[in-house]
Amino acid sequence: MGLLIGVPAETAAGEKRVATVPDVVEKLIKLGFSVAVQSGAGDAANFADDTYRAAGAQVLPTAADVWAQADIIFKARVPSPDEAAQLREGATLIGFIWPAQNPALMEQLAARKVTVLAIDALPRQLSRAQKMDALTSMAGITGYRAVIEAANAFGRFFNGQITAAGKIPPAKVFIAGAGVAGLAAIGTAANLGAIVRANDTRAEVADQVVSLGGEFVKVDYEEEGSGGGGYAKVMSEGFQAAQRAMYAQQAREVDIIITTALIPGKPAPRLITAEMVQSMKPGSVIVDMAAEQGGNCELTVPGEAVVRHGVTIVGYTDLVSRLARQASTLYSNNLLRLTEELCKTKDGVINVNMDDDAIRGLTVIKDGAVTWPAPPIKMPAAPPKPAATAAAAPAAKKGHGHGAPSAPMSAQSLATVFGVGAVLFLLVGMYAPASFLSHFTVFVLACFIGYMVVWNVTPSLHTPLMSVTNAISSIIAIGALVQVAPPLTGGVTDRPNALILGLAVFALALTAVNMVGGFAVTRRMLAMFRK
């Protein structure tokens with residue numbers, strides 16, 4: 001077997017996740033690794049020791065055994081100083097590190113001569129990194145759970161109802177921040193029937209908010225808020241003043257506020273002041289998802305749910321652990337995908353390739369040397385903007401190379417083409433047999449009518465392309481039916497020869513498959529949008 005992957009139990013207060021699950025253990029073993037799990041590490045997430053043994057993992061009695069024997073350690077939470085001290089020299093640690101917020105931990109780990117891959121440092125702008133993006137996986141869970149906690153603390157239904165006992169208005173929910181967690185919260189609250197409003201400093205997320213059933217509330221101040229890598233940036237004082245005024249208005253109107261605003265390496269921005277809390281209706285709820293970094297609300301108490309001015313302020317820092325089984329499954333899949341990138345040879349040995357942009361971004365310590373922060377990633381250059389029409393016109397006239405766009409036909413050339421066509425039609429009319437002329441006329445009219453019929457089909461049930469292909473199939477089917485069952489001539493049916501009959505039946509079979517398949521595909525597409 002290759003290197004040993006160790007999974008100790010998480011020691012942080014309230015943490016119920018485990019860094020790998022039995023299903024992933026089997027896949028790690030197929031990559032050539034052996035796996036050791038501390039006894040009881042998965043109990044809080046409903047993964048018993050026996051399920052790990054059945055998957056092929058060793059179950060070691062204590063955390064010290066795991067730390068002492070493992071070549072690679074999988075962790076969910078940032079390791080404590082005591083845990084970091086147990087890492088043996090030359091080992092590899094993979095998990096959340098937050099190097100900007102934990103400089104002392106970085107020094108301690110570097111002194112141990114280990115390699116550290118911080119899953120939170122993943123370059124999220126790389127599309128191939130999405131499968132390893134644990135931040136996104138965990139944010140989606142916290143956004144969902146935040147709405148559940150709000151519903152638990154709220155004293156009414158989320159959806160509006162009209163009953164014999166009276167009318168219940170729908171809850172109004174405002175979500176500050178429309179990143180991954182915010183979008184998950186928007187979708188969950190909208191599905192529960194609430195009226196959802198949301199705001200974000202990045203204007204480009206407005207369409208995403210609307211698509212999930214929310215209303216995007218715009219700040220009356222023009223400033224771009226994208227900070228790169230999927231995060232927001234610190235905004236100007238003018239923008240923040242306009243934003244506070246908007247938040248104050250929303251606080252007076254809504255029943256529930258969910259805040260998600262975080263900027264990497266900085267304390268959580270204060271969005272909700274004590275005055276805003278005081279202006280909210282009694283029984284309202286605030287769920288502060290940034291509580292662990294100080295909170296977006298001035299009155300948040302990290303780790304607790306408190307009542308201030310009649311408003312319940314939920315500052316839980318373990319939202320993701322409140323769905324421990326789901327969170328553990330997603331997180332362990334992220335680590336599996338990272339391990340696949342580190343072990344492409346499937347021999348149980350990892351290669352921390354510093355020439356790989358994704359791996360380089362993750363690696364904050366390499367063999368005891370601090371490599372964080374990673375250099376900026378060189379993204380592909382944007383395609384050049386097309387030249388102005390006036391400047392491009394002369395080049396278009398001269399372009400004769402392969403793939404060069406053709407210039408519009410001039411009036412003189414168009415007249416020449418029509419003139420040649422008219423001469424050809426004249427010659428056909430003068431010298432061709434009368435029977436050919438009649439057939440040719442029918443052929444031209446059929447082409448014109450067929451074109452108008454096919455391209456004017458309204459794609460009401462299909463995509464435009466499928467509508468066109470079905471229309472063509474219908475015309476073919478009609479022609480084939482005429483050949484299979486020709487009309488009576490003088491009371492006698494004209495039977496086609498065997499070849500024509502065979503071709504007609506074959507054409508009918510193909511068009512039937514195409515048309516039935518078109519409706520089957522359409523039905524499956526529509527089913528995707530049904531609940």
Side-chain angles (χ1 to χ4, degrees), residues 5-13 15 17-20 63 66-67 70-124 126 129 132-139 142 229-231 262-268 290 292-294 317-318 320-321 327-328 330-339 341-342 350 352-354 356-375 377:
I5 296 175
V7 183
E10 299 296 326
T11 59
E15 182 57 71
R17 289 175 296 170
V18 61
T20 199
V66 175
W67 288 94
D71 303 296
I72 303 168
I73 292 290
F74 281 1
K75 279 276 294 168
R77 281 273 185 169
V78 176
S80 66
D82 290 340
E83 289 176 318
Q86 298 181 67
L87 263 174
R88 60 189 185 83
E89 186 173 330
T92 300
L93 173 65
I94 302 176
F96 282 99
I97 302 297
W98 302 108
Q101 290 95 324
N102 297 292
L105 175 64
M106 289 286 288
E107 291 179 8
Q108 182 183 9
L109 291 171
R112 302 289 299 176
K113 299 291 190 293
V114 297
T115 296
V116 180
L117 277 69
I119 200 72
D120 49 272
L122 179 75
R124 302 171 79 186
L126 297 176
M132 303 178 273
D133 190 358
L135 281 173
T136 294
S137 299
M138 299 302 101
T142 54
Y231 296 103
L262 279 174
I263 298 172
K266 297 181 181 294
E292 194 166 5
Q293 279 74 45
T317 57
D318 62 344
V320 69
S321 280
S328 299
L330 293 181
Y331 182 65
S332 61
N333 279 324
N334 293 139
L335 295 190
L336 169 66
R337 301 308 171 199
L338 171 57
T339 307
E341 291 294 314
L342 294 169
I350 63 172
V352 182
N353 181 10
M354 299 298 274
D356 184 313
D357 286 338
I359 302 302
R360 175 64 187 88
L362 284 165
T363 307
V364 295
I365 298 176
K366 177 75 185 310
D367 297 328
V370 176
T371 59
W372 183 87
I377 295 176

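Residue indices begin at 1 and follow the sequence shown. Note: hydrogens, waters and symmetry copies are ignored here, and every other heavy atom, side chains too, is used.
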Visitor: Report yes or no: does S321 contribute a side-chain atom to a donor-acceptor pair with the main-chain N or O of D318 at less than 3.5 Å?
Guide: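 Not at all, since once roles are kept as given, no pair shorter than 3.5 Å links the two residues.
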
Visitor: How close do P79 and L93 get, heavy atom to heavy atom, and via which atoms?
Guide: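 Looks like CG-CD2, 3.8 Å.
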
Visitor: What are the two closest non-hydrogen atoms of V18 and V7, and how far apart are they?
Guide: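 Scanning both residues, the minimum pair turns out to be CG2-CG1, 3.9 Å.
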
Visitor: Closest approach of K75 and P8, non-hydrogen atoms and distance?
Guide: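 Nearest heavy atoms, K75 then P8: CD-CG, 4.0 Å.
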
Visitor: How close do P123 and A129 get, counting heavy atoms only, and between which atoms?
Guide: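 Between these two residues, the closest heavy atoms are O-CB, 3.7 Å.
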
Visitor: Taking E15 for the side chain and R17 for the main chain, is one N or O donor matched with an acceptor at less than 3.5 Å?
Guide: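 Between the backbone of R17 and the side chain of E15 there is a qualifying donor-acceptor contact (under 3.5 Å).
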
Visitor: Mind checking the CG-CE spacing from N333 to M132? Nearest 0.5 Å is all I need.
Guide: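 Result: 13.5 Å between the selected atoms.
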
Visitor: So do T20 and L335 actually touch side chain to side chain, heavy atoms under 4.5 Å?
Guide: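 Of all side-chain heavy-atom pairs linking T20 with L335, none is under 4.5 Å.
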
Visitor: How long is the straight-line distance from CZ of R124 back to CG of L135, given to the nearest 0.5 Å?
Guide: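 Spacing of CG (L135) from CZ (R124) equals 5.0 Å.
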
Visitor: Is the backbone of T363 close enough, under 3.5 Å, to the side chain of T371 for a donor and an acceptor to pair up by distance?
Guide: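 Looks like yes, one N/O pair under 3.5 Å.
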
Visitor: With respect to L362, which candidate in L342, I119, D357 satisfies the side-chain contact (heavy atoms from CB on, under 4.5 Å) definition?
Guide: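 Single pass found, and it is I119.
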
Visitor: Do I350 and T115 come close enough that some side-chain heavy atom pair is under 4.5 Å?
Guide: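 Answer no - side chains too far apart.
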
Visitor: Yes or no on side-chain contact (heavy atoms from CB on, under 4.5 Å) for L109 and V364, after CA distance, side-chain angles and deciding distance?
Guide: CA-CA 10 Å; L109 291 171; V364 295; over 6 Å; no

Visitor: What are the two closest heavy atoms between A290 and A268, and how far apart are they?
Guide: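 What the structure gives for the nearest pair is CB-CB, 3.7 Å.
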
Visitor: Return yes if some donor-acceptor pair links the side-chain N/O of E83 with the main-chain N/O of S80 below 3.5 Å, else return no.
Guide: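 Side chain of E83 to backbone of S80, a donor-acceptor pair under 3.5 Å: yes, one is there.
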
Visitor: Could you go step by step and tell me if T136 and D133 meet the side chain to side chain donor-acceptor pair (under 3.5 Å) rule?
Guide: CA-CA 6 Å; T136 294; D133 190 358; 2.5 Å; yes

Visitor: Starting at CD1 of I72, measure out to CD1 of I5 and round the result to the nearest 0.5 Å.
Guide: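 Between atom CD1 of I72 and atom CD1 of I5 there are 5.0 Å.
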
Visitor: Can you check whether I73 reaches W67 side chain to side chain, under 4.5 Å on heavy atoms?
Guide: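 Result yes, sub-4.5 Å side-chain heavy-atom pair found.
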
Visitor: Does the ring center of Y331 lie less than 6.0 Å from the ring center of F96?
Guide: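 Under 6.0 Å, so yes.
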
Visitor: For residues I97 and N102, determine if any side-chain heavy atom of one lies less than 4.5 Å from a side-chain heavy atom of the other.
Guide: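 They are not in contact (no side-chain heavy atoms under 4.5 Å apart), so the answer is no.
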
Visitor: Flag the pair P99 / V116 as yes when at least one side-chain heavy-atom distance between them is below 4.5 Å, and no otherwise.
Guide: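 No. Closest side-chain heavy atoms not under 4.5 Å.
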
Visitor: Determine the minimum heavy-atom distance between A358 and L126, stating which atoms define it.
Guide: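 For A358 and L126, the tightest heavy-atom pair comes out as N-CD1, 3.7 Å.
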
Visitor: Do R88 and D71 have side-chain heavy atoms sitting under 4.5 Å apart?
Guide: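 The answer is yes, as the side chains (C-beta and beyond) meet within the 4.5 Å cut-off.
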
Visitor: How would you list, by chain and number, every residue that makes a salt bridge (Lys or Arg N to Asp or Glu O under 4.0 Å) with K366, sequence neighbours excluded?
Guide: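 K366 satisfies salt bridge (Lys or Arg N to Asp or Glu O under 4.0 Å) with no other residue.
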
Visitor: Applying salt bridge (charged side-chain N to carboxylate O under 4.0 Å, His left out), run through E89 and R112 and close with a yes or a no.
Guide: CA-CA 6 Å; E89 186 173 330; R112 302 289 299 176; over 6 Å; no

Visitor: Nearest 0.5 Å please: distance from the CH2 atom of W98 over to the CE atom of M106.
Guide: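 Here the rounded value is 13.5 Å.
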
Visitor: With the side chain counted from C-beta on, respond yes when T339 and F74 share a heavy-atom pair under 4.5 Å apart, and no when they do not.
Guide: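 They are in side-chain contact.
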
Visitor: For residues R360 and V352, determine if any side-chain heavy atom of one lies less than 4.5 Å from a side-chain heavy atom of the other.
Guide: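 No. Closest side-chain heavy atoms not under 4.5 Å.
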
Visitor: Is it the case that the side chain of D367 and the backbone of V114 share a donor-acceptor pair, with hydrogens and angles ignored and the cut-off at 3.5 Å?
Guide: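 Looks like no, no N/O pair under 3.5 Å.
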
